[in-house]
Amino acid sequence: MTTFKTLDDADVTGKRVLLRVDLNVPMKDGVVTDKTRIERVLPTIREISEKGGRVVLLAHFGRPKGKPNADMSLAPVAPVLAEMLGQPVGFADDCVGPVAAGIVSALKDGNVVLLENTRFHEGEEKNAPDFVDALASLGDVYVNDAFSAAHRAHASTEGLAHHLPSYAGRTMQAELEALEKGLGNPERPVVAVVGGAKVSSKIDLLQNLVSRVDALVIGGGMANTFLAAQGISVGKSLCEHDLADTARAIVEAAKAAGCAIVLPVDAVIAREFKAGAASETVDVHAVPDDAMILDAGPKSVETVNQWLDKAKTLVWNGPLGAFEIQPFDKATVAAARHAAELTRAGKLVSVAGGGDTVAALNQAGAAADFSYVSTAGGAFLEWMEGKPLPGVEVLKA
Ligand SMILES: Nc1ncnc2c1ncn2[C@@H]1O[C@H](COP(=O)(O)OP(=O)(O)OP(=O)(O)O)[C@@H](O)[C@H]1O
Ligand SMILES: O=C(O)[C@H](O)COP(=O)(O)O
């Protein structure tokens with residue numbers, strides 16, 4: 001399984017270790033609302049620090065598109081990380097340049113510093129050589145512990161590995177081992193549930209996924225895009241109308257592969273995207289033009305649960321509704337609890353992944369019963385598709 005070097009092979013004592021982690025955590029008003037991704041990277045940070053390495057954390061937050069953006073700063077994450085780690089975590093408000101260089105050069109063995117969002121620079125997503133050089137100048141060794149960002153060939157997830165001795169962190173290692181164990185040879189029927197909001201970045205993955213699973217349950221913003229592609233009016237819902245052709249092609253590919261596509265038949269709608277907004281349940285064919293679908297309705301949940309009853313393996317990324325806002329968490333919570341119950345009863349192997357998906361499972365009190373909960377969303381789906389992940393491949397090189 002481990003075809004790359006791990007921390008067992010690394011000499012980190014006295015070295016500046018550029019450690020890529022995924023701190024893209026759910027956050028509301030500057031407060032971290034789910035700490036799972038932070039929790040998962042603690043063992044690697046501790047191990048390097050205890051071995052006398054100088055830990056320089058690289059991470060992204062949100063999609064700031066190459067420009068600094070106060071709403072996507074990693075600054076609020078540093079104190080949370082420090083508290084969970086039980087040791088101080090410095091913060092540099094730029095990930096390259098004199099500010100970063102100054103803080104890194106002042107580090108002592110065992111110290112930890114978090115650098116500001118790598119995506120504040122265009123060079124990150126472009127994997128630009130000058131940006132990679134600038135990051136590389138801050139370290140002697142590179143460790144990638146961000147499995148959940150390994151589907152991105154970015155400077156901090158891929159580029160750096162070409163410049164420095166490179167190793168997989170403990171979470172990267174554990175994620176790959178757990179996914180292989182849970183899903184390497186899954187018992188059929190396999191049901192995939194894909195929801196959430198990242199429609200354009202995930203829809204293409206469904207094309208291959210339908211040939212690997214027996215049913216694809218589509219929820220969240222993704223479902224709205226599929227409903228609209230069928231000519232159903234979704235009002236003001238989150239929906240990527242320009243992806244209608246892609247959605248129709250996926251439905252055709254599913255038919256050819258014998259994979260059932262399960263879409264919502266009813267929806268909880270509201271006119272405002274806020275907690276306690278007046279809401280009603282309607283047939284998906286009756287969504288008014290000025291309303292938004294914010295959750296799947298009870299009939300849809302019943303259908304999802306029937307599919308879960310038939311399944312032997314569940315793969316889940318993306319909530320079925322806007323679960324952070326009451327009462328639009330109902331479908332996600334109900335399906336999560338049903339999957340947890342089936343797993344507890346030994347009837348289902350359930351693997352879920354994604355920053356918000358994990359938060360939703362925690363909110364439903366279901367995470368502990370799932371067979372495995374990955375921190376990865378998009379990366380997990382790509383792994384499931386059988387696609388090589390650039391951040392993993394480069395570690396094997
Ligand atoms: N009908 C909907 N309308 C608007 N937002 C929705 C709807 N359904 C789900 N969402 C939103 O989708 C978001 C989560 O989607 P996302 O694709 O980011 O999942 P994830 O588990 O975080 O995966 P990843 O780790 O890849 O980001 C949540 O913030 C949720 O509110
Ligand atoms: O949340 C995720 O799935 C990872 O942090 C990757 O984020 P991205 O989809 O913005 O690249």
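Counting starts at 1 for both ligands and their atoms, following the listed order. Computation of the quantities below employed the complete heavy-atom set of this structure, encompassing side-chain atoms and omitting hydrogens, waters and symmetry-equivalent molecules. Small disclaimer: the values here were computed from a predicted structure and weren't measured.
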**Student:** Could you state whether Trp383 and Leu206 fall into the same hydrophobic cluster, counting links through intermediate Ile, Leu, Val, Met, Phe, Trp or Tyr residues with side-chain heavy atoms under 4.5 angstrom apart?
**Tutor:**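 In one cluster: yes.
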**Student:** For the pair Lys126 and Glu122, find out whether any cationic side-chain nitrogen is under 4.0 Å from an anionic carboxylate oxygen.
**Tutor:**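 So Lys126 pairs with Glu122 through a salt bridge.
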**Student:** If the criterion is any heavy atom closer than 4.0 Å to an atom of ligand 1, which residues make the list?
**Tutor:**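 If the criterion is a heavy atom under 4.0 Å, then ligand 1 touches Arg37, Gly196, Ala197, Lys198, Lys202, Gly220, Gly221, Asn224, Leu238, Phe273, Ile293, Leu294, Asn317, Pro319, Gly321, Ala322, Glu324, Gly354, Gly355, Asp356, Thr357, Gly377, Gly378.
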**Student:** Taking 4.0 angstrom as the limit and counting only heavy atoms of Asn24, give me the atoms of ligand 2 inside it, by number and element.
**Tutor:**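 Selected atoms, number and element: 1 (O), 2 (C), 4 (C), 5 (O), 7 (O).
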**Student:** Around atom 1 (O) of ligand 2, find the nearest protein heavy atom and jot down its residue, atom name and distance.
**Tutor:**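 Looking at atom 1 (O) of ligand 2, the protein heavy atom closest to it is Arg37 NH1, 3.0 Å.
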**Student:** Would you mind running through ligand 2 and noting each atom that sits below 4.0 Å from a heavy atom of Arg63?
**Tutor:**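 Those atoms are 8 (P), 9 (O), 10 (O).
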**Student:** With side chain to side chain donor-acceptor pair (under 3.5 Å) as the rule and sequence neighbours excluded, what pairs involving residues 213-240 come up?
**Tutor:**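 Qualifying pairs: Arg188-Asp214.
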**Student:** For atom 6 (C) of ligand 2, what is the nearest protein heavy atom, given as residue, atom name and distance?
**Tutor:**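 Answer, as residue, atom name and distance: His60 NE2, 3.7 Å.
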**Student:** Crowded around Glu83 CD? As in, over 12 foreign heavy atoms under 6.0 Å?
**Tutor:**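 Check fails, neighbour count at 12 or below.
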**Student:** Please determine if Lys330 and Asp295 form a salt bridge, counting it only when a charged side-chain N lies under 4.0 Å from a carboxylate O.
**Tutor:**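 No, no charged N to carboxylate O under 4.0 Å.
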**Student:** Is any side-chain N of the basic residue among Glu302 and Lys299 closer than 4.0 Å to the acidic one's carboxylate O?
**Tutor:**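 No salt bridge links Glu302 with Lys299.
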**Student:** Quick one: does Thr157's side chain have a donor or acceptor within less than 3.5 Å of a partner on Ala150's backbone?
**Tutor:**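 It does not hold such a pair.
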**Student:** Answer yes or no for Ser148: is there a heavy-atom contact with ligand 2 below 4.0 Å?
**Tutor:**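 For ligand 2, residue contact (heavy atoms, under 4.0 Å) with Ser148 is present.
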**Student:** Consider ligand 2: state whether an atom of it lies below 4.0 angstrom from any non-hydrogen atom of Arg119.
**Tutor:**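 Flag set, Arg119 near ligand 2.
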**Student:** Any carboxylate oxygen within less than 4.0 angstrom of a Lys/Arg side-chain nitrogen, looking at Arg170 and Glu47?
**Tutor:**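 Judged by the 4.0 Å cut-off on N to carboxylate O distance, Arg170 and Glu47 do form a salt bridge.
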**Student:** At a 4.0 Å threshold, what atoms of ligand 2 neighbour a non-hydrogen atom of Asp22?
**Tutor:**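 What qualifies from ligand 2 is 4 (C), 5 (O).
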**Student:** Mark up the atoms of ligand 2 that fall under 4.0 Å of a heavy atom belonging to Lys198, in ascending order.
**Tutor:**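 Result: 1 (O), 2 (C), 3 (O), 7 (O), 8 (P), 9 (O), 10 (O).
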**Student:** Before accepting this row, confirm whether a basic side-chain N of the pair Arg54/Asp109 lies closer than 4.0 Å to the acidic partner's carboxylate O.
**Tutor:**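 Answer for the salt bridge query: yes.
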**Student:** Using distance alone, decide if ligand 2 has a nitrogen or oxygen within less than 3.5 Å of any nitrogen or oxygen in Arg152.
**Tutor:**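 Looking only at distances, the answer is yes, because the N/O contact criterion of under 3.5 Å is met.
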**Student:** Assess whether atom CG of Asp290 is packed by more than 12 heavy atoms of other residues, nucleotides or ligands within 6.0 Å.
**Tutor:**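 Above 12, so yes.
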